Amino acid sequence: MLDQSSRLLQGLNPEQQRAVLTTEGPVLVVAGPGSGKTRVLTHRIAYLIQEKGVPPYQILAVTFTNKAAREMKERIDRLVHGEGTDGLVMGTFHSFGVRVLRQNPGLVADKLQLQPNFLIYDTGDQLESVKRAIIALNQDPKQVTPRRMLSRISAAKSVLMTPEEMLGETQTYDDEIAARVYKEYEKQLRGNNAVDFDDLLGLPIRLFDQAPELLERYQEQFRYIMVDEYQDTNRVQYVLISALADYYRNLFVVGDPDQSIYGWRQADIKNILDFEKDYPDLTQIHLEINYRSTQRIVQAADRLIRDNTQRIDRRIRTENAEGEPIALRELADQNHEAQFIVSEIRRLISTGRFQAEEIAIMYRTTAQSRVIEEAFRVTNIPYRIVGGLRFYERKEVRDVLAVLRLLHNPADQLSLERIIDNLPIGRGFGPKALEAAVTWATLHQRPTIDAFLAMVPRAIPSDLDDIEPPTFSNQGRAGAERIGKVLAGLREKQQTSTLAELFDAIVHDTGYRQTFNEGTEEDLQRWANVSELRSDLERYDQVDPEVALAQYLEQVSLIADVDSMEDDRGQVTLITLHSAKGLEYPVVFIAGVEENLLPIRRAIDEEPFDKTPMEEERRLFYVGVTRAEKLLYLTYAASRMSYGQYSQGAPSRFLQSIPAETVKAVTRQSSRTSANGRLSGVQKGRLAQSVSTTYTAAPSPSWAEAAKASEPAVKVELPDYQAGMRVFHAKFGEGTITEALPRRDDIEIAVSFKLHGDKRLMASLAKLDIIE
DNA sequence: GAATGCATGGTTTTT
DNA sequence: CCATGCATTC
C-alpha cells in the first residue's frame with residue numbers, strides 16, 4: 001500500500017515513511033530526540049506539494065522558532081527542486097497570529113478596536129504597563145510585584161480567560177488584585193493601541209468568534225496543517241489550531257512529551273492527551289530510533305528520563321556506535337569549570353578532531369555564560385552567545401526604538417514617556433509638566449503626543465488649529481515646544497526619507513548622539529549598538545516606504561535569539577538549555593550540573609508540594625544530553641559564587657540516574673573528606689591546589705548518600721483521600737482528586753485543580769483539606 | 001528638576 | 001555581586 005517509488009521516501013525508515021504518506025486525517029507523531037522528525041516534516045510537505053499536487057498556500061506549518069521555519073523552508077525548497085514553495089505558510093504561532101490580524105485590518109478595527117498600526121509590546125513594555133496598572137489601583141508595586149502580576153495575567157490569557165472571568169473565580173484577596181490589575185492592564189494596552197505576545201494568539205481566536213466567515217475562509221485555505229514541537233503548545237495555541245483544522249481535519253502534530261520544557265509558559269502536555277480525545281480516529285506513529293547520538297549517550301538519556309514518574313513508558317534506542325564514555329568532571333569552582341571547558345575545547349580543536357562550530361556549551365541560567373565568556377576572552381577561540389542580554393532589550397537600543405515606535409503609533413504613550421525620560425529633548429520636562437499634557441490630552445480625547453504638537457506652528461492646516469493648546473509653566477512650555485518641534489520635524493522626515501535617514505535625524509535632533517561623547521569604553525559600545533540599529537534599518541530601504549517601518553518594528557518584536565543565530569563558521573556556541581531545544585552538536589558540554597542549578601533551586605523548594613517542576617528540570621537535562629552526537633561532557637563545581645558569596649555545591653541528583661558504565665568520572669577525591677559524602681568546604685584562594693584529581697570508574701557514592709538524605713523524616717497521620725474527592729490547597733486552590741496511590745508512609749495524590757491544572761502531590765506535605 | 005549615594009533584592013527558562 | 005529604585009541633597 002505504501003508508495004515506495006517516491007524519491008521522497010528514500011532513506012526513511014518504515015515508520016517515518018508512514019508519517020510522510022499518511023496525509024489525510026489527524027496524525028499524532030511521538031518523536032524521540034534525534035529520530036528524524038524534521039526530516040519527516042520536510043519530506044511530508046515536499047511530498048504533499050510534489051506528489052499530491054497540493055498548492056503550497058494550502059499548507060500551514062507551525063514551528064517553535066522562526067529560524068526553524070526558515071531552515072525547514074530551505075530544505076523543502078531543495079527537496080522539491082524548482083517546483084516552488086511560494087505561498088507556503090510557515091512560522092511560529094505568534095507570527096501566524098500577527099499575520100491574521102494584519103491581513104484583516106478592517107475587521108480588527110471593527111471587532112477588536114485595534115487600529116492597523118498597533119504595536120506589539122515586549123516583556124519590558126508589559127512590565128511597565130503592569131506597574132502602571134498597579135499604581136493606578138493604588139497598590140504598592142513593591143508588594144504586588146509587576147513580575148508576579150504579569151505572569152498571572154499571562155497564565156490567564158493562555159487559557160483565554162478574560163479579566164471578568166478571572167474576577168469571577170477569585171478565591172483570595174491576591175486573586176482579586178490580580179484580576180483587577182489584569183483589567184486595568186488591558187485598558188492601558190488598548191488605550192495605547194498595543195497588544196502583547198499572548199494577544200497575538202488570543203485575539204485571532206476572538207476575531208474568529210466574532211467573524212465566523214473569516215474562520216471559514218482560513219479553514220478552507222489550510223487544507224493541511226502541521227505543528228512541530230507540539231508538546232510545548234499551550235491551551236490557546238491548541239484552540240487556535242484545532243479551530244483552523246476543523247474543516248479538513250488534516251492535522252499533523254509532532255512532539256515528544258519528554259522534551260516538554262515550557263510548562264512555566266503554560267505549555268500543557270494535556271494537549272497531547274486531548275488530541276487523542278478530540279480526534280479518536282487519529283493515526284499514531286512512534287519514532288523511537290535515534291540517529292543522532294552514540295549508544296552511550298542514548299542509553300544515559302533513556303535511563304535519565306525513565307526516572308520521571310509523570311510520563312508514558314517509552315524507550316529510545318539507537319543502532320549507532322557505542323561511542324566514548326560520557327565525561328563527568330567535578331571542578332573546584334565556576335572559574336575552574338570554565339577553564340576546564342575552554343582548555344578541553346582547545347584540545348579538541350587543535351587535534352583537528354572537531355571544528356569550533358561543532359561544539360556547544362549549555363547551561364541552565366544565562367548568568368552562567370559570563371564566567372565562561374571570560375575564559376574564552378583570553379583565548380583565540382571564537383565563540384558566540386545565544387540569548388543573555390538581548391540586543392533589542394538594551395537601554396540605548398530601546399531608547400531609539402521608542403522614537404520609531406511613537407512615530408508609527410502616536411497612541412503609544414509608553415514610548416512617548418520613555419523619550420521624555422531618556423532623551424535630552426525631554427530634559428527639564430518633568431512629571432508636573434507631563435501631567436498637564438496628559439490632562440489636556442484626556443480632555444480633548446487625543447493622544448498625548450498632540451499636546452506637544454499643538455505647541456508648534458504648523459505648515460499645513462490641521463485639526464489641532466481649532467483647539468486651545470495646553471497651558472504649562474514657563475519651563476514646561478519651553479520643554480513642550482522643544483519636544484513638539486522635534487517630533488513634528490521627525491514626522492515630516494518620516495514621509496520623505498528612508499528609515500536610515502530617519503534614524504540619523506532621530507539621533508541628531510533629539511540630542512541623543514551627543515550623550516555618547518564621553519569616549520569611555522562603555523559609551524563606545526553603546527553607540528556601536530545604536531549604530532547597529534542603523535544598518536538594520538538600511539536593509540529596509542528597498543521595502544515600500546509605506547510599510548517599511550511597520551515591517552521593521554514587527555520583525556523586532558517577534559525575533560528570538562535563536563532566530564538571529566547565524567550559521568557562522570568557526571564559533572563555539574554558548575546557549576541556554578531552553579534555547580538549545582531542537583539543535584544538535586557533535587560535542588556538547590553541560591555546565592553546572594548541580595543541585596540548585598540543575599535542578600534549579602525553585603524546583604527543589606517546590607518539590608514537596610508539587611513534583612511537576614522537578615520533573616520538568618529533569619526533562620530539561622534530558623534535552624541537553626540528547627543534543628550531543630558524539631561527545632558529551634557534564635561538569636559541576638564543588639563551590640560556586642552566587643550573589644557575591646561562595647557556597648558549596650553538590651552534584652545534581654539527576655546524575656544518579658546515569659548508568660556508571662556510560663560514564664568516565666573525574667572527581668576531586670582529595671577534597672571529599674567528610675563522612676556523609678558531601679564536599680568538604682574548600683577555602684577560597686586554596687582552590688588551585690585542591691584540584692588534584694583521582695580517576696574513578698564509577699560515580700561517587702556520595703550521590704547515593706545525597707539521595708537518601710532527601711527522604712521525609714517525619715511520619716504524619718493522613719486523611720483518607722480517595723479519587724473523586726474535592727480538595728483545597730493553599731496555593732493551587734480548589735480541585736478534584738483523580739487518583740490516590742498509597743506509598744510507603746504516605747499517599748501520592750493526583751489532583752486536577754480548577755485554576756492550576758493537574759498536579760501530583762504527596763499528601764503528607766501538600767496539606768490538602770477535603771471540602772465537604 | 002537633576003545628580004549623587006544608599007538600600008534592596010534578585011536569576012530560572014522565552015515567543 | 002550587580003542593577004535598579006528611591007531618597008537626599010543642591
Side-chain angles (χ1 to χ4, degrees), chain A residues 62-69 91-98 120-124 126-127 131 140-142 145-148 150-151 154 157-158 195-202 229 232-234 236-237 260-267 334 362-371 386-390 392-393 395 420-421 424 426-434 473 475-476 478-479 554 556-563 575-582 592 596-606 613-614 616-617 619-621 623-624 640-647:
Chain A
V62 183
T63 56
F64 199 69
T65 63
N66 292 303
K67 178 172 179 260
T92 62
F93 273 104
H94 293 87
S95 59
F96 176 74
V98 180
I120 303 162
Y121 273 7
D122 65 23
T123 316
Q126 291 185 65
L127 284 170
K131 192 177 170 188
D140 178 8
K142 276 197 159 158
T145 64
R147 258 243 143 287
R148 211 180 83 244
L150 180 59
S151 87
S154 180
K157 285 193 176 191
S158 70
V195 302
D196 64 21
F197 278 122
D198 298 306
D199 289 336
L200 297 180
L201 310 170
E229 306 284 7
D232 283 322
T233 53
N234 64 27
V236 197
Q237 292 168 334
S260 162
I261 55 174
Y262 284 93
W264 52 275
R265 214 168 70 188
Q266 323 306 321
Q334 74 280 1
M362 302 176 187
Y363 34 81
R364 176 67 239 259
T365 65
T366 47
Q368 287 169 259
S369 67
R370 227 191 73 203
V371 198
V386 181
L389 12 136
R390 274 178 268 283
Y392 291 111
E393 280 174 17
K395 185 182 171 297
I420 294 169
D421 285 346
R427 234 183 329 132
F429 196 88
K432 260 274 183 59
L434 181 65
S473 68
Q475 199 184 0
E554 194 141 302
V556 167
S557 311
L558 293 179
I559 203 150
D561 293 314
V562 271
D563 293 337
I575 193 167
T576 62
L577 287 164
H578 280 90
S579 296
K581 189 178 74 162
N596 292 329
L597 216 45
L598 187 66
I600 199 92
R601 188 196 189 94
R602 218 186 128 114
I604 297 173
D605 293 342
E606 295 253 327
M614 181 58 79
E616 183 156 309
E617 292 295 301
R619 290 194 293 269
L620 189 55
F621 188 35
V623 165
R640 185 176 295 269
M641 166 91 92
S642 67
Y643 296 129
Q645 269 199 321
Y646 272 97
S647 59

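Below, chains carry the letters A, B, ... as their sequence lines are ordered, and counting in each starts from 1. A quick note: this is a predicted structure, and the numbers were derived from the prediction, not measured.
- When rounded to the nearest whole Å, the span between CG of A:L127 and P of B:dT11 equals 10 Å.
- Following rounding to the nearest Å, A:I600 (CD1) and B:dT11 (P) show an atom-to-atom distance of 11 Å.
- Taking atom CG of residue A:D140 and atom P of nucleotide B:dT8, one finds them 14 Å apart after rounding to whole Å.
- Between A:W264 and A:K142, the one whose closest nucleotide on DNA chain B sits nearer the 5' end is A:K142.
- Nearest to the side chain of A:A367, among B:dT12, B:dT14, B:dT11, sits B:dT11.
- As rounded to whole Å, 6 Å separates atom P of B:dT15 from atom OH of A:Y262.
- At distances below 3.5 Å, not a single donor-acceptor pair connects side-chain atoms of A:Y363 with backbone N or O atoms of A:L577.
- Checked by atom type and distance alone, the side chain of A:S95 pairs as donor or acceptor with a backbone atom of A:T92 at under 3.5 Å.
- Put simply, CG on A:L597 is 12 Å from C1' on B:dT13, counting in whole angstrom units.
- Each of B:dG1, B:dT15, B:dT11 was ranked by its minimum atom distance to the side chain of A:Q475; first place goes to B:dG1.
- More than 12 heavy-atom neighbours from other residues, nucleotides or ligands sit within 6.0 angstrom of CZ on A:R148.
- The aromatic rings of A:Y262 and A:F64 are tilted relative to each other, their planes meeting at an angle between 30° and 60°.
- In this structure, CZ of A:F429 is placed 11 Å from P of B:dA2, rounded to the nearest angstrom.
- When all heavy atoms are compared, the tightest approach of A:L150 to A:Q126 is CD1-OE1, 3.3 Å.
- Atom P of nucleotide B:dG10 and atom CG of A:N596 are separated by 17 Å, given to the nearest angstrom.
- Residue A:S642 places none of its side-chain N or O atoms closer than 4.0 Å to OP1 or OP2 of C:dC1.
- In this structure, A:R601 reaches neither bases nor backbone, as no heavy-atom distance under 4.0 Å exists between it and the strands shown.
- Taking the 5.5 Å centre cut-off and the 30° plane limit, the aromatic side chain of A:F93 is not classed as stacked on B:dT15.
- The side chain of A:P431 has B:dG1 as its nearest neighbour among B:dG1, B:dT14, B:dT13.
- Around NZ of A:K432, the count of heavy atoms belonging to other residues, nucleotides or ligands within 6.0 Å does not exceed 12.
- Straight-line distance between the P atoms of C:dT4 and B:dT13: roughly 15 Å, to the nearest whole Å.
- Among B:dT12, B:dT13, B:dG1, the nucleotide with an atom closest to any side-chain atom of A:H578 is B:dT13.
- For A:K131, the listed nucleotide lying nearest its side chain is C:dG5; candidates were C:dG5, B:dT14, B:dG1.
- Separating the CG atom of A:D605 from the P atom of B:dT11 is a distance of 14 Å, rounded to the nearest angstrom.
- Phosphate contact (OP1/OP2 of B:dT15, side-chain N/O of A:T65, threshold under 4.0 Å): absent.
- In terms of position along DNA chain B, the nucleotide closest to A:R427 lies nearer the 5' end than the nucleotide closest to the other residue of the pair A:E616 and A:R427.
- In the set C:dC1, B:dT15, B:dT14, C:dC1 carries the atom at the smallest distance from any side-chain atom of A:Y643.
- Nearest to the side-chain atoms of A:T365 among the listed nucleotides B:dA2, B:dT11, B:dT15 stands B:dT11.
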